[in-house]
Amino acid sequence: MKFFLDTAMIDEIKAANEWGILDGVTTNPSLVYKSGRPFKDVLLDICKIVDGPISAEVTTLTAPEMVKQGTELAKIHKNIVVKLPTTVEGVKACKQLSEKGIKINSTLIFSASQALVMAKAGASYVSPFIGRLDDVSEDGMVLIDDIRDIFDNYEIKTEILAASIRHPMHVVECAKAGADIATMPYSVFQQLIKHPLTDVGLKKFMEDWEKAKH
Ligand code: G3P
């Protein structure tokens, strides 16, 4: 399973990248706004740090505008993946941009039918938002299971990029369900490796080692 960071904060990306296991980064307009920096500067900085797919979202709503903006975003760096909304206009833009060889991440996916349509339109990635489904009393993980089944039935190569991840168990459940990628906030990335028994056990080992040396 690939791990992406879902952030536009450069210090978080640098820190996670130092672990040596970061595969890519996703951003969205809200995350860019939170960073307080110009979009293009943020993208260029991320591309310098991480050698993997970097999602940059269009901020336009019609297919011609998305194609124009997506084409410009893709010119920024070879690793840029253009993030398109899952709408009728997004389908049209996805078809046109993917035919030009531009990689597409279809965002704001809340149903299996949306994932299937965007895959048919040539998306390289579909992003089901599992946390936001859980927030409205639906089981986000069922969506991951359904998309996995459908893509396996038809040998669809589009990768399932589980998004809107809120805690480490989301990552574990996504891995069990066969999601290709989990994109997560830096806080969740850090939580993946933490366990209180590891800390307690290590403390005891170090204390005993100190005693053994004397
Ligand atoms: O970047 C898309 C997605 O991961 C956003 O997550 O927490 O705003 O629902 P969240």
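Small disclaimer: the values here were computed from a predicted structure and weren't measured. In listed order, ligands and their atoms are each counted from 1.
- Between Pro53 and Phe4, some side-chain heavy-atom pair lies under the 4.5 Å cut-off.
- Between Phe189 and Trp19, the ring planes lie tilted relative to each other; the angle falls in the 30° to 60° range.
- Of the N or O atoms in Arg132, one or more lie within a sub-3.5 Å distance of an N or O in ligand 1.
- Ion pairing between a basic and an acidic side chain is recognised when a charged N comes within 4.0 Å of a carboxylate O; Glu89 and Lys92 show such pairing.
- Summarising the contacts of atom 6 (O) of ligand 1 with Ala182, Ser164, Pro185, Ala162, the nearest heavy atom is found in Ser164.
- Two residues are said to be in side-chain contact when any heavy atoms from C-beta on lie closer than 4.5 Å; Val42 and Leu44 fail this criterion.
- Residue contacts with ligand 1: Asp6 is included, with a non-hydrogen atom under 4.0 Å away.
- Here Glu57 has no heavy atoms under 4.0 Å from ligand 1, in either its backbone or its side chain.
- Close N/O approach between Arg166 and ligand 1 is found [any backbone or side-chain N/O within under 3.5 Å].
- Interface of Phe129 with ligand 1, defined as ligand atoms under 4.0 Å from a residue heavy atom, comprises 2 (C), 3 (C), 5 (C).
- Two residues are said to be in side-chain contact when any heavy atoms from C-beta on lie closer than 4.5 Å; Leu108 and Phe110 meet this criterion.
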